[in-house]
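Encoded as structure tokens, the structure appears first; notes follow it.
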Amino acid sequence: MKDRPYLIVSGLLFSLVALAHLLRLAYKVPLQVGEWSVPLWPSAVAVIVTFSLLVWAFRLARLEQ
């Protein structure tokens with residue numbers, strides 16, 4: 001029962017990260033790290049990974065009830 005708040009907060013943080021990457025993909029925001037221009041495909045991978053983690057966190061939080 002004590003893990004439920006942690007899981008909910010984790011799910012919310014993962015949803016914010018997924019949303020940020022999704023917005024980068026939607027608006028094709030350029031990202032520059034030093035001399036390297038980061039392509040868009042890592043954001044697509046990040047959306048899939050973070051969305052999976054947020055679903056997992058919220059499912060576990062539901063089981064903790």
ILVMFWY network linking Val29 to Leu23, side-chain heavy atoms under 4.5 angstrom: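 Looking at the clustering, Leu23 is in the same group as Val29.
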Shortest non-hydrogen contact from Arg4 to Ala61?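 Arg4 and Ala61 have their closest heavy atoms at NE-O, 3.1 Å.
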Could you go through the side-chain contact (heavy atoms from CB on, under 4.5 Å) check for Leu25 and Val47 one step at a time? CA-CA 9 Å; Leu25 287 171; Val47 167; 4.1 Å; yes
For Trp56, what are the other residues in its hydrophobic cluster, where any two members join if their side-chain heavy atoms are less than 4.5 angstrom apart?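 Besides Trp56, the hydrophobic cluster comprises Tyr6, Leu7, Ile8, Leu12, Phe14, Trp41, Val45, Val49, Phe51, Leu53, Leu54, Val55, Phe58, Leu60, Leu63, listed by chain and residue number.
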Applying side chain to side chain contact (heavy atoms under 4.5 Å, CB included), can you list everything that pairs with Val38, at least two apart in sequence or on another chain?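 By the side chain to side chain contact (heavy atoms under 4.5 Å, CB included) rule, Val38 matches Arg24, Leu31, Val33, Trp36, Pro42.
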